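Being a predicted model, the structure only gives us computed values, none of them experimental.
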Amino acid sequence: RTMSTPVEEKPSIFAGIGVPDPINYLRDARGTSIGELGRLDSNDEDILMAGDKKLPASSKSNGPKRHKHEEPPARERPEGDAWPYRENLSFTRSLVFYGAGSITKESEHACMLIQECRNLRKKYVGSMSTLMPDRDLLKSDELTFRFGEEGVVVIKHPSQQENVLIRVPTIEDFHADYMHMVEMVSEGAMRSFCFQRLQMLSTSFKMHTSLNGSIEQQAQNSLLGNDFYKTLKIDNHIHAAAAPSAKQFVEFVRRKLEVEGDVPVSKDGKTLKQVFAEAGLDKDHLTIDAFNVLADYSVYQRFDNFNSKYSPFARADMRRIFLKTNNFLEGRYFAELLKIVIDRHEKSKGHNSACEMRLSVYGMERHEWYDLALWILKDWKHPDFPGPMLSTHNRWHVQIPRLWRIYSKKPTKPGDKKRSFIEMLENLFCPLFEATLHPEDHPEIAEVMKHIVAFDSVDDEGALEATCTNQRPHEWTDDKNPSYWWQLYFIWANLEVLNQLRAARGLNTFAFRPHSGETGDPMHLAATYMLCESINHGILLDMQVSLQYLYYLDQIGLSISPLSNNFLFRKIAENPFPKFFRRGLNVTISTDDPLLFHMSDDALLEEYSVVRATFDLSMTDIMEIARNSVLQSGFEESFKQKWLGKDYKKGLTFCDEVTTNVPLIRSKFRAEHLALEHMIVHLIGAGKGDAVLQQMKVQFGLARDAHRDILFENFDEVPSFPELGQL
């Protein structure tokens with residue numbers, strides 16, 4: 001969208017994600033342009049009149065007409081006294097002087113590439129290329145579906161058998177777009193421009209905190225009735241199998257061994273005591289060290305060793321008994337263990353928090369969804385934690401491990417064809433489409449889908465992958481894992497069809513929030529930029545400045561886990577989290593795997609404490625990170641409005657500063673810098689850089705002269721010094 005010719009965009013089911021049309025932050029409610037408003041500061045005439053002394057005419061001549069009580073640039077004035085007078089706010093903008101030659105043809109080329117990259121994202125995440133010839137037909141009860149030759153679900157209606165009701169870009173389209181994206185973000189011109197802009201954002205934040213840090217703190221202190229402990233923080237990235245801390249897990253197992261030692265826990269009738277006895281263990285051996293689940297030096301850069309830490313005492317049968325949903329006990333111990341974790345969030349023990357836990361669906365068998373639904377919805381008859389695995393303070397994510405290399409080795413019947421990737425996709429998605437189209441036939445899956453907010457894709461990004469081009473899933477029979485981008489496309493494509501179908505039928509939809517940029521190829525982040533609302537980790541963005549700037553412009557959420565990174569792939573002193581935060585990326589922190597990485601019962605509070613101390617963050621910084629966790633989350637609209645403010649979707653400055661405990665001065669700083677970055681990219685990309693530069697130089701010259709005149713008018717005598725003539 002350019003400033004001169006707005007393009008009518010197709011409504012998206014993901015509307016409202018990120019910052020909506022940041023350039024509008026620099027227009028007033030009537031759409032007045034910046035040129036018409038003149039200087040962005042309010043009460044210009046009052047500010048420029050000190051003691052009834054007006055500035056010289058030179059500082060005001062030929063300037064645009066100024067408004068004494070100008071509306072705020074970042075949002076319209078609400079009713080009542082919710083918005084403080086702008087003259088009481090203090091903030092800095094990125095309006096720095098650009099010298100002659102600072103905007104070049106290379107800058108124009110870079111900005112054109114940036115806009116092209118952003119348009120590619122809209123094609124996928126924005127659903128701009130998703131075709132639906134007759135949306136009303138999607139409400140019909142006569143729809144049928146099947147997996148097409150392209151590896152994507154095809155939905156049809158009996159009256160239009162020749163028409164596909166939801167058509168998404170093909171693998172050829174995405175492959176070409178992805179390779180083009182990789183080429184663009186790798187170009188020297190784009191990397192240089194993005195690096196310069198990111199450096200300026202870092203500098204602007206340092207200037208802002210240096211000048212306004214104490215004012216921010218005062219503003220935050222005046223937000224009475226709220227503080228860090230009362231403000232909501234959401235753990236956006238936590239794996240259910242590692243959600244309890246090691247201490248909680250040990251105490252739970254000890255209690256079960258004492259109270260339920262004679263309960264059979266396996267198909268062969270072995271009791272819990274017998275299982276421990278065969279392992280040479282009893283309740284006196286149950287210590288955190290003996291469990292051997294805490295991460296240590298052996299897991300650094302070793303994902304295989306990391307996975308083995310999920311097995312207490314390095315025994316697979318212990319993991320199966322306590323940390324699985326499908327076992328002889330039907331996952332009862334696992335349910336009770338997670339309810340202990342969720343109960344802490346519900347009762348706000350220590351601080352106000354919530355979580356988004358992940359459960360796995362592997363795609364190995366068609367019945368996995370049904371089994372998971374039964375486990376989540378079962379009324380667990382526990383005296384302390386009765387009822388299903390549903391909570392006001394947890395929303396479920398489903399993670400899809402990229403385990404084709406294992407599935408491909410499953411034995412086949414004599415005469416059967418070699419296994420292909422389409423089988424995993426069918427196991428993953430067919431139950432979801434069946435429950436969406438025929439909920440009366442699949443009530444358990446249909447019900448559990450109401451409580452799932454997002455899908456994740458997980459595995460070791462550094463593992464060897466086979467090269468992919470445009471193969472269809474039914475053509476992939478190699479026993480090696482296909483490329484990361486290839487697998488993500490087929491998850492996205494089928495989710496896109498499912499989401500459009502469910503949205504048309506008035507049902508909830510799912511975000512795509514995979515692991516990306518934790519290790520391996522940094523260009524994984526190019527694929528997730530094109531396909532995803534937000535991601536987990538993303539620390540490799542510090543190796544690719546073009547992508548980092550794109551993630552900033554589109555405010556794609558990054559849920560980073562510094563303690564997890566410290567043990568696995570990036571020591572905490574080298575973690576780019578503080579750099580991302582200061583530049584204004586949409587970052588928050590999460591725990592990932594408390595069982596392995598945390599020492600206390602409140603892993604999220606521990607993570608915040610470590611981050612604050614390690615990265616020297618202020619309480620305003622911490623509250624901004626907490627607010628981002630709610631923005632990134634998949635909690636329903638009413639929940640977000642409660643904790644962010646009813647108009648939060650309009651932008652950061654619309655978030656309720658009392659509820660979020662983020663002072664307005666910080667929100668305005670972020671919003672205006674983001675708006676200016678969007679504007680700079682648009683203007684330079686449109687070839688207006690030189691003209692804008694010349695106007696800015698003139699205005700900066702006038703401002704400099706005005707500042708000089710103020711100094712000389714307000715000092716009776718300025719001591720002589722060699723550089724005085726430079727003024």
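Checked against side chain to side chain contact (heavy atoms under 4.5 Å, CB included), T614 has the following partners two or more places apart in sequence or in another chain: I572, V610.
A donor-acceptor distance shorter than 3.5 angstrom exists from the side chain of Y552 to the backbone of L674, with no hydrogens or angles considered.
Inspection of the N236 and E356 side chains reveals an N or O donor paired with an N or O acceptor under 3.5 Å. A donor-acceptor contact closer than 3.5 angstrom links the side chains of E677 and Y549. No side-chain donor-acceptor contact under 3.5 Å links Y648 and D656. Side-chain contact of S534 with Q632: a donor-acceptor pair under 3.5 Å is absent, judged by distance alone. A donor and an acceptor atom, one from each side chain of S561 and S590, are located under 3.5 Å apart.
For the ring pair (Phe, Tyr, Trp, His ring centres under 6.0 Å) with W485, the lone residue among W492, Y178, Y529 that qualifies is Y178.
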### Message
Using side-chain hydrogen bond (donor to acceptor under 3.5 Å, both in side chains), reason through Y551 and T528 one step at a time and then give a plain yes or no.
### Response
CA-CA 10 Å; Y551 272 70; T528 50; 2.8 Å; yes

### Query
Between V185 and Q544, does a side-chain contact (heavy atoms from CB on, under 4.5 Å) hold up when you go through it step by step?
CA-CA 8 Å; V185 300; Q544 226 299 330; 4.0 Å; yes

### Task
Decide yes or no on side-chain hydrogen bond (donor to acceptor under 3.5 Å, both in side chains) for N352 and T231, but give the supporting numbers first.
CA-CA 6 Å; N352 207 348; T231 304; over 6 Å; no

### Task
Test M523 against L547 for side-chain contact (heavy atoms from CB on, under 4.5 Å), laying out the working first.
CA-CA 9 Å; M523 285 305 164; L547 285 171; 4.2 Å; yes

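F581 and F205 have perpendicular rings, their planes meeting at more than 60° on a 0 to 90° scale where under 30° would count as parallel.
Residue pairs that meet the salt bridge (Lys or Arg N to Asp or Glu O under 4.0 Å) test with at least one member in residues 612-623, sequence neighbours left out, are D621-R666. Within the structure, salt bridge (Lys or Arg N to Asp or Glu O under 4.0 Å) contacts touching residues 185-195 (residues at least two apart or in different chains) do not occur.
Under the 6.0 Å cut-off for aromatic ring centres, Y489 and F174 qualify, their centroids lying closer than that. Aromatic ring centroids of H237 and H537 lie under 6.0 Å apart.
Enclosure of atom CE in M619 by more than 12 non-hydrogen atoms of other residues, nucleotides or ligands within 6.0 angstrom is indicated.
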